[in-house]
Peer 1: 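Mind having a look at this structure? Questions to follow.
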Amino acid sequence: RASSPSDIPENVTSEEKEIHDVWVFQYDAKTQELLIKPRYYIIIDQTELGSLPVSLKAGVASTVYVVTNTGYENWANDGTDELWQKFKSLAQLKKQTLPTAFPLRSIDKVLIPMSGTSVEVTVTSGTTVEVPVSRMYAKLKVKVKMLKEDMELNSINVKQIPNICQVETLAGDGKEEPVTAVQFPEGTTFNSLAFAASDMEEDDNKEKWAIFYLPETLQGETAGQEGSQKS
(Lines give C-alpha, C1' and ligand atoms only; values in the text may rest on other atoms or scores of the structure.)
Protein backbone atom coordinates (compact mmCIF):
# COMPACT_ATOMS: atom_id res chain seq x y z
CA ARG A 1 0.00 0.00 0.00
CA ALA A 2 1.11 3.52 -0.68
CA SER A 3 0.96 4.58 2.97
CA SER A 4 2.34 1.47 4.68
CA PRO A 5 5.65 2.06 6.49
CA SER A 6 8.61 -0.11 5.60
CA ASP A 7 11.24 -1.61 7.90
CA ILE A 8 13.77 -0.16 5.47
CA PRO A 9 12.10 2.98 4.12
CA GLU A 10 13.21 4.13 0.69
CA ASN A 11 14.54 7.66 0.55
CA VAL A 12 11.95 10.11 -0.75
CA THR A 13 13.27 12.12 -3.67
CA SER A 14 12.39 15.75 -4.27
CA GLU A 15 10.71 14.73 -7.54
CA GLU A 16 8.33 12.42 -5.67
CA LYS A 17 7.02 15.31 -3.61
CA GLU A 18 6.47 17.70 -6.49
CA ILE A 19 2.92 18.84 -7.28
CA HIS A 20 2.30 20.22 -10.75
CA ASP A 21 -1.47 20.59 -10.76
CA VAL A 22 -4.26 20.53 -8.17
CA TRP A 23 -7.97 19.78 -8.36
CA VAL A 24 -9.80 21.40 -5.42
CA PHE A 25 -13.17 20.14 -4.17
CA GLN A 26 -15.15 21.74 -1.34
CA TYR A 27 -17.83 19.58 0.29
CA ASP A 28 -20.49 20.53 2.83
CA ALA A 29 -19.42 18.94 6.12
CA LYS A 30 -22.94 17.63 6.82
CA THR A 31 -24.33 16.63 3.42
CA GLN A 32 -20.95 15.72 1.88
CA GLU A 33 -22.05 17.42 -1.35
CA LEU A 34 -20.14 19.95 -3.44
CA LEU A 35 -20.51 23.60 -2.48
CA ILE A 36 -18.77 24.90 -5.64
CA LYS A 37 -17.74 23.37 -8.93
CA PRO A 38 -14.32 21.68 -8.91
CA ARG A 39 -11.46 24.09 -9.60
CA TYR A 40 -8.19 23.28 -11.36
CA TYR A 41 -4.89 25.02 -10.60
CA ILE A 42 -1.57 24.64 -12.40
CA ILE A 43 1.54 24.92 -10.22
CA ILE A 44 4.40 26.73 -11.93
CA ASP A 45 6.73 26.91 -8.94
CA GLN A 46 6.74 24.53 -5.95
CA THR A 47 6.99 27.51 -3.59
CA GLU A 48 3.39 28.39 -4.54
CA LEU A 49 2.10 25.41 -2.57
CA GLY A 50 2.64 27.09 0.80
CA SER A 51 0.16 29.85 0.00
CA LEU A 52 -1.83 28.85 -3.09
CA PRO A 53 -4.81 31.21 -3.51
CA VAL A 54 -7.98 29.21 -4.26
CA SER A 55 -11.67 30.09 -4.49
CA LEU A 56 -13.86 28.56 -1.76
CA LYS A 57 -17.42 29.16 -0.54
CA ALA A 58 -17.42 31.14 2.73
CA GLY A 59 -19.54 30.76 5.83
CA VAL A 60 -20.31 27.03 5.52
CA ALA A 61 -18.79 24.22 7.57
CA SER A 62 -16.96 22.19 4.97
CA THR A 63 -14.04 19.92 4.12
CA VAL A 64 -11.63 20.58 1.29
CA TYR A 65 -10.46 17.58 -0.74
CA VAL A 66 -7.69 17.71 -3.32
CA VAL A 67 -6.39 15.41 -6.03
CA THR A 68 -3.02 16.35 -7.51
CA ASN A 69 -0.95 15.52 -10.57
CA THR A 70 -3.79 14.22 -12.70
CA GLY A 71 -2.27 15.83 -15.79
CA TYR A 72 -5.77 16.61 -17.10
CA GLU A 73 -7.30 20.07 -16.91
CA ASN A 74 -10.76 18.73 -17.79
CA TRP A 75 -10.76 15.67 -15.52
CA ALA A 76 -13.41 16.93 -13.05
CA ASN A 77 -14.84 19.95 -14.87
CA ASP A 78 -14.84 20.53 -18.61
CA GLY A 79 -17.45 23.27 -18.49
CA THR A 80 -20.45 20.95 -18.78
CA ASP A 81 -22.83 20.13 -15.94
CA GLU A 82 -22.79 16.45 -16.87
CA LEU A 83 -19.13 15.94 -15.99
CA TRP A 84 -18.69 17.84 -12.73
CA GLN A 85 -21.87 16.36 -11.25
CA LYS A 86 -20.12 12.98 -11.32
CA PHE A 87 -18.10 14.48 -8.45
CA LYS A 88 -21.15 15.96 -6.69
CA SER A 89 -20.76 13.90 -3.52
CA LEU A 90 -17.57 13.02 -1.68
CA ALA A 91 -18.47 9.35 -2.07
CA GLN A 92 -18.57 9.83 -5.85
CA LEU A 93 -15.17 11.53 -5.87
CA LYS A 94 -13.56 8.64 -4.00
CA LYS A 95 -14.74 6.23 -6.71
CA GLN A 96 -13.31 8.27 -9.59
CA THR A 97 -10.41 6.82 -11.53
CA LEU A 98 -7.37 8.01 -13.43
CA PRO A 99 -5.62 6.13 -16.22
CA THR A 100 -2.30 4.71 -15.12
CA ALA A 101 -0.62 5.78 -18.37
CA PHE A 102 -0.24 9.54 -18.03
CA PRO A 103 0.80 11.56 -21.08
CA LEU A 104 3.47 13.44 -19.11
CA ARG A 105 4.93 10.39 -17.41
CA SER A 106 8.56 9.65 -18.11
CA ILE A 107 11.70 8.89 -16.18
CA ASP A 108 12.37 12.63 -15.95
CA LYS A 109 8.85 13.57 -14.80
CA VAL A 110 7.51 11.46 -11.97
CA LEU A 111 4.19 13.26 -11.40
CA ILE A 112 2.71 10.90 -8.82
CA PRO A 113 -1.04 11.38 -8.21
CA MET A 114 -1.81 12.27 -4.59
CA SER A 115 -4.99 12.92 -2.65
CA GLY A 116 -5.95 14.31 0.74
CA THR A 117 -8.60 16.08 2.76
CA SER A 118 -8.65 18.88 5.29
CA VAL A 119 -10.25 18.95 8.71
CA GLU A 120 -13.69 20.55 8.94
CA VAL A 121 -13.36 24.29 8.41
CA THR A 122 -15.60 27.32 7.96
CA VAL A 123 -13.98 29.59 5.39
CA THR A 124 -13.80 33.34 5.90
CA SER A 125 -11.75 35.96 4.11
CA GLY A 126 -8.08 35.12 4.44
CA THR A 127 -8.63 31.63 5.88
CA THR A 128 -5.74 29.22 5.35
CA VAL A 129 -6.78 25.60 4.76
CA GLU A 130 -4.13 22.93 5.16
CA VAL A 131 -4.62 19.75 3.14
CA PRO A 132 -2.02 17.01 3.71
CA VAL A 133 -1.70 14.63 0.77
CA SER A 134 -0.36 11.12 0.32
CA ARG A 135 0.65 9.17 -2.76
CA MET A 136 -2.01 7.12 -4.55
CA TYR A 137 0.83 4.95 -5.83
CA ALA A 138 3.03 2.52 -3.92
CA LYS A 139 6.78 2.71 -4.47
CA LEU A 140 8.41 -0.58 -5.42
CA LYS A 141 12.16 -1.15 -5.46
CA VAL A 142 13.09 -4.29 -7.39
CA LYS A 143 16.61 -5.44 -6.59
CA VAL A 144 18.39 -8.35 -8.28
CA LYS A 145 21.72 -9.97 -7.48
CA MET A 146 23.27 -11.96 -10.32
CA LEU A 147 24.41 -15.48 -9.35
CA LYS A 148 27.04 -15.64 -12.08
CA GLU A 149 29.46 -12.90 -13.00
CA ASP A 150 28.94 -13.40 -16.72
CA MET A 151 25.17 -12.79 -16.43
CA GLU A 152 23.94 -9.36 -17.35
CA LEU A 153 20.60 -7.79 -16.46
CA ASN A 154 19.38 -5.28 -19.03
CA SER A 155 15.91 -4.38 -17.80
CA ILE A 156 13.12 -5.17 -15.34
CA ASN A 157 9.41 -5.02 -16.16
CA VAL A 158 6.57 -5.19 -13.64
CA LYS A 159 3.40 -6.41 -15.36
CA GLN A 160 -0.27 -7.11 -14.61
CA ILE A 161 -0.93 -3.62 -13.28
CA PRO A 162 -4.49 -2.24 -13.51
CA ASN A 163 -5.18 0.22 -16.30
CA ILE A 164 -6.65 2.68 -13.79
CA CYS A 165 -5.86 4.19 -10.41
CA GLN A 166 -8.81 4.82 -8.08
CA VAL A 167 -8.85 7.90 -5.84
CA GLU A 168 -9.56 5.82 -2.72
CA THR A 169 -9.11 2.08 -2.24
CA LEU A 170 -10.45 1.72 1.31
CA ALA A 171 -13.97 2.19 2.73
CA GLY A 172 -14.93 2.60 6.38
CA ASP A 173 -13.46 4.63 9.21
CA GLY A 174 -11.90 1.74 11.12
CA LYS A 175 -13.84 2.67 14.26
CA GLU A 176 -17.56 2.27 13.88
CA GLU A 177 -17.17 0.93 10.35
CA PRO A 178 -14.70 -1.81 9.39
CA VAL A 179 -12.05 -0.84 6.86
CA THR A 180 -12.50 -2.87 3.69
CA ALA A 181 -11.03 -2.77 0.20
CA VAL A 182 -13.11 -0.97 -2.41
CA GLN A 183 -13.74 -3.10 -5.47
CA PHE A 184 -12.58 -1.58 -8.74
CA PRO A 185 -15.27 -1.01 -11.39
CA GLU A 186 -16.17 -3.63 -13.95
CA GLY A 187 -14.04 -3.47 -17.06
CA THR A 188 -10.78 -2.88 -15.19
CA THR A 189 -7.99 -4.75 -16.94
CA PHE A 190 -4.73 -5.90 -15.37
CA ASN A 191 -2.42 -5.91 -18.35
CA SER A 192 -0.47 -2.67 -17.97
CA LEU A 193 3.18 -2.14 -17.10
CA ALA A 194 4.21 -0.31 -13.95
CA PHE A 195 5.61 3.19 -14.39
CA ALA A 196 9.41 3.01 -14.24
CA ALA A 197 10.85 5.93 -12.32
CA SER A 198 14.50 5.17 -12.90
CA ASP A 199 16.95 3.47 -15.22
CA MET A 200 18.77 0.40 -13.94
CA GLU A 201 21.16 1.24 -11.11
CA GLU A 202 23.98 -0.79 -9.60
CA ASP A 203 25.70 -0.76 -6.21
CA ASP A 204 29.18 -1.88 -5.12
CA ASN A 205 27.95 -5.46 -4.61
CA LYS A 206 26.88 -5.73 -8.24
CA GLU A 207 23.23 -5.74 -7.19
CA LYS A 208 21.04 -3.98 -9.72
CA TRP A 209 17.68 -2.38 -9.12
CA ALA A 210 14.96 -0.22 -10.59
CA ILE A 211 12.22 1.88 -8.97
CA PHE A 212 8.58 1.49 -10.00
CA TYR A 213 5.32 3.12 -8.96
CA LEU A 214 2.19 0.98 -8.82
CA PRO A 215 -1.39 2.20 -8.34
CA GLU A 216 -2.75 1.09 -4.99
CA THR A 217 -5.47 -1.47 -5.70
CA LEU A 218 -5.97 -3.95 -2.81
CA GLN A 219 -7.75 -6.15 -5.35
CA GLY A 220 -6.30 -9.48 -4.23
CA GLU A 221 -3.69 -11.80 -5.65
CA THR A 222 -2.89 -12.96 -9.16
CA ALA A 223 -2.62 -16.72 -9.54
CA GLY A 224 -0.66 -18.72 -12.11
CA GLN A 225 2.63 -16.86 -11.96
CA GLU A 226 5.50 -18.64 -13.68
CA GLY A 227 8.90 -19.17 -12.15
CA SER A 228 9.99 -19.80 -8.56
CA GLN A 229 8.29 -17.80 -5.85
CA LYS A 230 8.91 -17.23 -2.16
CA SER A 231 6.48 -15.62 0.26
Peer 1: About how many Å separate CG of Leu218 and CD of Gln183, when rounded to the nearest 0.5 Å?
Peer 2: 9.5 Å
Peer 1: Checking Gln46 side chain against Ile19 main chain: does a donor-acceptor pair fall under 3.5 Å?
Peer 2: yes
Peer 1: May I ask you to check whether Trp84 and Phe25 place their ring centres under 6.0 Å from each other?
Peer 2: no
Peer 1: Would a distance-only check, ignoring hydrogens and angles, find a side-chain to backbone donor-acceptor pair under 3.5 Å from Asn74 to Asn77?
Peer 2: no
Peer 1: Would you mind reporting whether Pro185 and Ile164 have side-chain heavy atoms less than 4.5 Å apart?
Peer 2: yes
Peer 1: Give a yes or no on whether Val167 and Val64 share a hydrophobic cluster (residues Ile, Leu, Val, Met, Phe, Trp, Tyr; joining criterion: side-chain heavy atoms under 4.5 Å apart).
Peer 2: no
Peer 1: Can you check whether Ile156 reaches Lys208 side chain to side chain, under 4.5 Å on heavy atoms?
Peer 2: no
Peer 1: Just jot down the ring pair (Phe, Tyr, Trp, His ring centres under 6.0 Å) partners of Tyr27, sequence neighbours excluded, or say none.
Peer 2: none
Peer 1: For the pair Gln92 and Phe87, evaluate side-chain contact (heavy atoms from CB on, under 4.5 Å) and give the outcome as yes or no after the intermediate values.
Peer 2: CA-CA 5 Å; Gln92 286 176 293; Phe87 297 78; 5.7 Å; no
Peer 1: Does one hydrophobic cluster hold both Leu98 and Tyr213, with members joined at side-chain heavy-atom distances below 4.5 Å?
Peer 2: yes
Peer 1: Can you pull the side-chain hydrogen bond (donor to acceptor under 3.5 Å, both in side chains) pairs that have at least one residue in residues 117-126, sequence neighbours excluded?
Peer 2: Thr124-Thr127
Peer 1: Running the 4.5 Å side-chain criterion over Ile, Leu, Val, Met, Phe, Trp and Tyr, what cluster does Val60 land in, apart from itself?
Peer 2: Leu35
Peer 1: Check the pair Tyr65, Thr63 against side-chain contact (heavy atoms from CB on, under 4.5 Å), reporting the backbone distance first and the verdict last.
Peer 2: CA-CA 6 Å; Tyr65 201 106; Thr63 56; 5.9 Å; no
Peer 1: Any non-hydrogen side-chain atom of Leu140 less than 4.5 Å from a side-chain atom of Ile211?
Peer 2: no
Peer 1: Tyr40, Leu93: one ILVMFWY side-chain cluster at the under-4.5 Å cut-off?
Peer 2: yes
Peer 1: Give the minimum heavy-atom separation between Ile36 and Ser55, together with the two atoms involved.
Peer 2: CD1-O, 3.2 Å
Peer 1: Taking side chain to side chain contact (heavy atoms under 4.5 Å, CB included) as the test, write out the residues that go with Gln85, two or more places apart.
Peer 2: Asp81
Peer 1: How would you list, by chain and number, every residue that makes a side chain to side chain contact (heavy atoms under 4.5 Å, CB included) with Asn191, sequence neighbours excluded?
Peer 2: Thr189
Peer 1: Hey, does Phe212 have a side-chain heavy atom less than 4.5 Å from the side chain of Tyr137?
Peer 2: no
Peer 1: Glu207: what forms a salt bridge (charged side-chain N to carboxylate O under 4.0 Å, His left out) with it, not counting sequence neighbours?
Peer 2: Lys143
Peer 1: Please report the C-alpha distance between Val66 and Val133 in whole Å, then the side-chain angles of each, then the deciding distance to 0.1 Å, and finally whether the side-chain contact (heavy atoms from CB on, under 4.5 Å) criterion is met.
Peer 2: CA-CA 8 Å; Val66 303; Val133 295; 3.5 Å; yes
Peer 1: Quick one: are Pro99 and Asn163 in side-chain contact, heavy atoms under 4.5 Å?
Peer 2: no
Peer 1: What's the spacing between Leu90 CG and Ser62 OG if we round to 0.5 Å?
Peer 2: 11.5 Å
Peer 1: Would you confirm whether Trp23, through its side chain, and Tyr41, through its main-chain N or O, come within 3.5 Å as a donor-acceptor pair?
Peer 2: no
Peer 1: Could you tell me the separation between the NZ atom of Lys94 and the CG atom of Leu170, rounded to the nearest 0.5 Å?
Peer 2: 10.0 Å
Peer 1: Please enumerate all residues that pass side chain to side chain contact (heavy atoms under 4.5 Å, CB included) together with Lys86, with sequence neighbours excluded.
Peer 2: Leu83, Gln96
Peer 1: Between atom OG of Ser134 and atom CD1 of Ile112, what is the distance when rounded to the nearest 0.5 Å?
Peer 2: 11.5 Å
Peer 1: Specify the closest pair of heavy atoms between Met114 and Glu16, including all atoms of both residues, with the distance to one decimal.
Peer 2: CE-O, 3.1 Å
Peer 1: Apply salt bridge (charged side-chain N to carboxylate O under 4.0 Å, His left out) to Lys95 and list each qualifying residue two or more places apart in sequence or on a separate chain.
Peer 2: none
Peer 1: Side chains of Val119 and Val129, heavy atoms from C-beta outward: is any pair under 4.5 Å?
Peer 2: no
Peer 1: Consider only side-chain heavy atoms of I, L, V, M, F, W and Y, link residues closer than 4.5 Å, and tell whether Ile43 and Val67 are in one cluster.
Peer 2: no
Peer 1: Strictly distance-based, threshold 3.5 Å: is any side-chain N or O of Thr169 a donor or acceptor partner for the main-chain N or O of Ala181?
Peer 2: no
Peer 1: Which residues satisfy the side-chain hydrogen bond (donor to acceptor under 3.5 Å, both in side chains) test with Ser51, sequence neighbours excluded?
Peer 2: none
Peer 1: Could you give me the CA-CA distance, side-chain angles and deciding distance for Arg135 and Glu216, then say whether salt bridge (Lys or Arg N to Asp or Glu O under 4.0 Å) is met?
Peer 2: CA-CA 9 Å; Arg135 293 198 312 260; Glu216 181 176 272; over 6 Å; no
Peer 1: Mind checking side-chain hydrogen bond (donor to acceptor under 3.5 Å, both in side chains) for Glu18 and listing every partner two or more places apart, or none if nothing turns up?
Peer 2: His20
Peer 1: Not counting sequence neighbours, which residues clear side chain to side chain contact (heavy atoms under 4.5 Å, CB included) with Val182? List them please.
Peer 2: Gln166, Ala171
Peer 1: Once salt bridge (charged side-chain N to carboxylate O under 4.0 Å, His left out) is applied, what residue pairs with a partner in residues 38-59 remain, sequence neighbours excluded?
Peer 2: none
Peer 1: Honestly curious: do Val54 and Leu49 fall in one hydrophobic cluster under the side-chain, below-4.5 Å linking rule?
Peer 2: yes
Peer 1: Using a 3.5 Å distance criterion without hydrogens, assess whether the side chain of Asp21 forms a donor-acceptor pair with backbone atoms of Asn69.
Peer 2: yes
Peer 1: Testing the 3.5 Å rule here: is there a donor-acceptor pair between the side chains of Glu33 and Ser89?
Peer 2: no
Peer 1: Working note: Val24 + Leu52, criterion side-chain contact (heavy atoms from CB on, under 4.5 Å); need CA distance, chi angles, decisive distance, verdict.
Peer 2: CA-CA 11 Å; Val24 177; Leu52 181 68; 5.6 Å; no
